[in-house]
S.K.: 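Could you have a look at this structure, given as structure tokens, before my questions?
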Amino acid sequence: MQSMALVVFLRGCNVGGHKTFRPTLLNEQLKHYDAVNIGATGTFVIRRRTSHARLRADLLRRLPFEAEVIPTMKGSRHPFTS
């Protein structure tokens, strides 16, 4: 389990009309994680302690499409680079 905030990216969502969803509605559904929505493209800060696996499963269950969920801890390396 993580002990600091997670930043979660939903890769390729709400870009060019593909994989569209309402981040504000998803944020409401994630209030038990003390989530904060950042912008319209699917970036969230998760402030409540949880595991990556639990959060990923919860996000995928709530989205109307298959998405790449990329959680990263605050201060860690950029998630899209190796």
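Numbering starts at 1 and runs along the sequence shown.
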S.K.: According to side-chain contact (heavy atoms from CB on, under 4.5 Å), who are the partners of Thr41, at least two apart in sequence or on a separate chain?
M.R.: Thr43

S.K.: Could you list the residues that satisfy side-chain contact (heavy atoms from CB on, under 4.5 Å) with Ala35, not counting sequence neighbours?
M.R.: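 Expected list: Asn27, Leu30, Ile46.
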
S.K.: So, Lys19 side chain and Arg11 main chain: donor-acceptor pair closer than 3.5 Å or not?
M.R.: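 Answer holds: no.
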
S.K.: Just wondering, do Ile38 and Phe44 contact through their side chains at under 4.5 Å, heavy atoms?
M.R.: no

S.K.: Looking at CZ of Arg54 and OH of Tyr33, how far apart are the two atoms once the value is rounded to the nearest 0.5 Å?
M.R.: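 Answer rounded to 0.5 Å: 6.5 Å.
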
S.K.: If you measure from CZ on Arg56 to OG1 on Thr50, what distance do you get to the nearest 0.5 Å?
M.R.: 13.5 Å

S.K.: Under the side-chain hydrogen bond (donor to acceptor under 3.5 Å, both in side chains) rule, collect the residues that match up with His18, sequence neighbours excluded.
M.R.: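 Per chain and number, His18 pairs via side-chain hydrogen bond (donor to acceptor under 3.5 Å, both in side chains) with no residue.
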
S.K.: Hey, are the side chains of Pro23 and Asn14 touching, using non-hydrogen atoms and a 4.5 Å cut-off?
M.R.: yes

S.K.: By side-chain contact (heavy atoms from CB on, under 4.5 Å), which residues pair with Gln29, not counting sequence neighbours?
M.R.: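 Partners of Gln29 by the side-chain contact (heavy atoms from CB on, under 4.5 Å) criterion, ordered by chain and then number, come out as Leu26, Arg62.
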
S.K.: Would Val8 and Ile70 satisfy side chain to side chain contact (heavy atoms under 4.5 Å, CB included), going step by step from the backbone distance to the final call?
M.R.: CA-CA 6 Å; Val8 178; Ile70 304 169; over 6 Å; no

S.K.: Go through the structure and list residues passing side-chain hydrogen bond (donor to acceptor under 3.5 Å, both in side chains) with Asp34, not counting sequence neighbours.
M.R.: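 Only Arg47 meet the side-chain hydrogen bond (donor to acceptor under 3.5 Å, both in side chains) criterion with Asp34.
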
S.K.: Would you call Leu10 and Phe21 a side-chain contact if the rule is heavy atoms closer than 4.5 Å?
M.R.: yes

S.K.: Between CG of Asn37 and OG1 of Thr24, what distance do you get to the nearest 0.5 Å?
M.R.: 7.0 Å

S.K.: Report the distance from atom CZ of Arg48 to atom CG of Leu55, rounding to the nearest 0.5 Å.
M.R.: 12.5 Å

S.K.: Restricting to side-chain hydrogen bond (donor to acceptor under 3.5 Å, both in side chains), what partner residues turn up for Arg22, sequence neighbours left out?
M.R.: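 Scan of Arg22 (side-chain hydrogen bond (donor to acceptor under 3.5 Å, both in side chains), adjacent residues dropped) gives none.
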
